[in-house]
Structures are given as structure tokens and as C-alpha cells.
There are 2 protein chains.
Amino acid sequence: MGNKNNNDHSELDEETLFIVSQTFKALADPTRIRILYLLFEGEYAVNDIAEQLKLRQSNVSHQLRFLKNLRLVKYRRDGKTIYYSHDDVHVINILEQSINHALH
Amino acid sequence: MGNKNNNDHSELDEETLFIVSQTFKALADPTRIRILYLLFEGEYAVNDIAEQLKLRQSNVSHQLRFLKNLRLVKYRRDGKTIYYSHDDVHVINILEQSINHALH
DNA sequence: TTATCATATGATCATATATTCATATGATAG
DNA sequence: CTATCATATGAATATATGATCATATGATAA
């Protein structure tokens with residue numbers, strides 16, 4: 001029958017819910033997945049990402065800001081160019097797992 | 001349908017992108033996370049989920065349909081009552097991992 | 001300084017999403 | 001059959017989100 005309504009499992013606090021949902025939101029958009037997937041290869045400049053994925057530069061920049069705010073990517077400046085790369089092993093592993101799971 | 005070839009550094013095909021992004025979308029909403037987290041305890045009736053989480057019945061029902069369409073939950077009827085439970089070990093593991101990661 | 005390159009930002013718009021209310025459906029008991 | 005309970009569904013709405021255009025910022029070289 002159904003669950004006996006025992007309350008030994010407490011509810012998630014609001015902050016945890018926010019962090020977890022935000023993290024998955026980052027992975028819930030095809031464009032961001034494509035960007036993160038491209039970064040599997042290594043670091044990329046903003047324009048190169050745009051060119052490679054056929055996206056507008058401003059679109060890529062907006063998405064990178066989103067990912068940067070969640071600390072999923074980091075950047076490094078070299079002259080006028082800014083190179084982005086992964087910055088969260090855990091989340092990147094989850095994405096990799098899920099892609100492989102979907103591919104097979 | 002789509003080409004799922006993934007040799008080295010080719011782009012992800014559209015179908016894979018859709019599957020992966022949809023799956024993460026399911027985990028990208030606090031309400032759905034709370035429901036899935038509650039189901040860690042076992043199977044629950046729709047009304048019990050609503051009561052436990054202080055959500056409207058229709059809201060719970062809509063979210064369960066969403067999760068059911070993605071085959072993240074399954075259901076079992078017993079009389080008038082319908083019990084929902086998890087139905088995707090992989091995704092549930094990912095959610096559990098991420099919650100634990102956020103909690104620590 | 002000015003010109004140019006690379007990136008970031010803000011405003012806007014169209015679409016997507018989460019929630020609610022009201023109602024429909026389906027199962028069961030009397 | 002009717003009444004009631006449990007769940008599902010559809011419409012409406014408010015908010016969130018993704019993409020675009022135009023422009024701003026910042027770095028570099030002449």
C-alpha cells in the first residue's frame with residue numbers, strides 16, 4: 001500500500017532547493033549544453049564558440065555570464081581575447097554522464 | 001532518425017540535445033525537486049504529496065504528468081488512489097548526488 | 001590620441017513555464 | 001442509478017527565459 005507518512009525524512013531547505021534547481025537550469029538549455037560540451041575540448045574564446053556553434057556573439061556572451069555566475073565556467077584574459085573553460089568538475093561529470101546515457 | 005555519432009569532438013545531434021535538456025529541465029524546478037525528493041521515501045498518493053508539500057492538488061498532478069512523460073516516475077492504481085514512485089535510477093542518482101553535493 | 005578588435009551589456013520581444021481555478025473523468029460504495 | 005472521493009485536465013494568467021539588435025566597454029597597436 002502507500003507510504004505510512006513517517007516524517008523521518010525532512011524537507012529540503014530553501015537555499016539547497018535554489019542551488020540545486022539553478023544548477024540543473026544551467027544544464028536544461030540546448031545552447032548551454034552545446035557550449036559546455038564544446039568546452040570539453042579545452043578553453044575557447046567567445047568568438048570561437050560563436051563561430052563553431054553558429055551562434056551570435058551576444059548570445060554566447062549572455063550564456064557564458066549565466067554559467068560564470070553559477071561558477072560552472074571560468075575565464076582567462078589574454079590581450080583582447082577572453083578564454084573560457086570548465087570550472088566545476090562535479091557538474092561537468094553529471095553532464096558527461098547524462099550525454100553518454102542519452103547517446104547509448 | 002538523427003545521427004548519434006559521437007566520435008571525438010563532433011557536435012551533439014538534435015535529438016540527444018533535446019533528451020538531455022529535457023531531463024535536466026525536469027530537475028530544474030524546486031517544486032519538482034521537492035516531489036522527487038519526497039518519493040525517495042517510497043510511493044505516495046497525489047493527495048498525500050500535495051498535503052506533505054503544501055501544494056495544490058492540480059499543481060501536483062500537472063507536475064507528475066510532466067515527470068511521467070519523461071518516465072522519471074511511474075504510477076500504480078489501487079482503487080480510487082494512484083500511487084506514484086520513481087522510475088529512473090540514473091536520473092534519481094544524479095538528483096541525489098547533487099542534493100548531497102549542495103548540502104555539504 | 002584614434003582605430004580596431006574582442007567581449008559585455010541593456011532593452012526589447014516572443015515564447016515557455018509554473019501556478020491557479022474551475023471542471024471533467026474515473027472508481028467505488030450504497 | 002446517485003453520491004462521493006481521488007485524480008486529471010483545460011483555460012487563464014503572471015512570470016521567466018532565450019535570442020536579437022544596438023551600443024558600450026576595455027585592451028591593444030599605430
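Numbered from 1 within each chain, the chains take letters A, B, ... in sequence-line order.
Using modelled atom types, one finds a donor on one side chain and an acceptor on the other under 3.5 Å when comparing A/T16 with A/D13.
The side-chain tip of A/R32 points at the ring of A/F66 from less than 6.0 angstrom away and within 45° of straight on.
Closest of all the heavy-atom pairs between A/V46 and A/S61 is CG1-N, 4.5 Å. Counting all heavy atoms, side chain and backbone alike, A/F24 lies closest to B/S98 at CZ-OG, 3.3 Å. A/L53 approaches A/R34 most closely through the heavy-atom pair O-NH2, 2.9 Å.
Rounded to whole Å, atom P of D/dT28 lies 7 Å from atom CZ of A/R77. Between B/L64 atom CG and D/dA6 atom P there is a gap of 16 Å when expressed in whole angstrom units. Taking atom NZ of residue B/K54 and atom C1' of nucleotide C/dT19, one finds them 18 Å apart after rounding to whole Å. A/N47 places its CG atom 17 Å from the P atom of D/dA27, with the value rounded to the nearest Å. One interatomic measurement links the two molecules: CD of B/Q63 to P of C/dT17, which rounds to 11 Å at whole-angstrom precision. Rounded to an integer number of Å, the gap from A/F66 CZ to D/dA16 P is 13 Å. Computed from coordinates, the B/I49 CD1 to D/dA6 P distance equals 14 Å when rounded to whole Å. Atom pair A/D78:CG and D/dT28:C1' shows a separation of 12 Å (rounding to whole Å applied).
Listed in residue order, the members of residues 19-35 of chain A having a heavy atom less than 4.0 Å from DNA chain C come to none.
Remark: A/E51 CD is loosely packed, at most 12 non-hydrogen atoms of other residues, nucleotides or ligands lying under 6.0 Å away.
Backbone-only contact: A/Y84 has heavy atoms under 4.0 Å from sugar-phosphate atoms and none from a base. Using a 4.0 Å heavy-atom criterion, one finds that A/T81 contacts the sugar-phosphate atoms exclusively.
Partners of B/F40 by side chain to side chain contact (heavy atoms under 4.5 Å, CB included), not counting sequence neighbours, listed by chain and number: A/H9, B/Y37, B/H86, B/I92, B/L95, B/E96.
Listed candidates were C/dC5, D/dT9, C/dT28. Nearest to the side chain of B/K80 is C/dT28. For B/R65, taking side-chain heavy atoms from C-beta onward, the closest of the listed nucleotides D/dG18, C/dA27, D/dG10 is D/dG10.
A tilted orientation is assigned to the rings of B/Y84 and B/Y75, their planes being inclined by 30° to 60°.
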Polar-atom pairs under 3.5 Å, protein N or O versus N or O of nucleotides 21-25 of chain C: list them with distances, or write none.
from, atom 1, to, atom 2, distance (Å)
C/dC21, OP2, B/R56, NH1, 3.1
C/dC21, N4, B/S58, OG, 3.0

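Results of the side-chain contact (heavy atoms from CB on, under 4.5 Å) test with B/L27 over B/L36, B/L70, B/L67 single out B/L36 as the only residue that passes.
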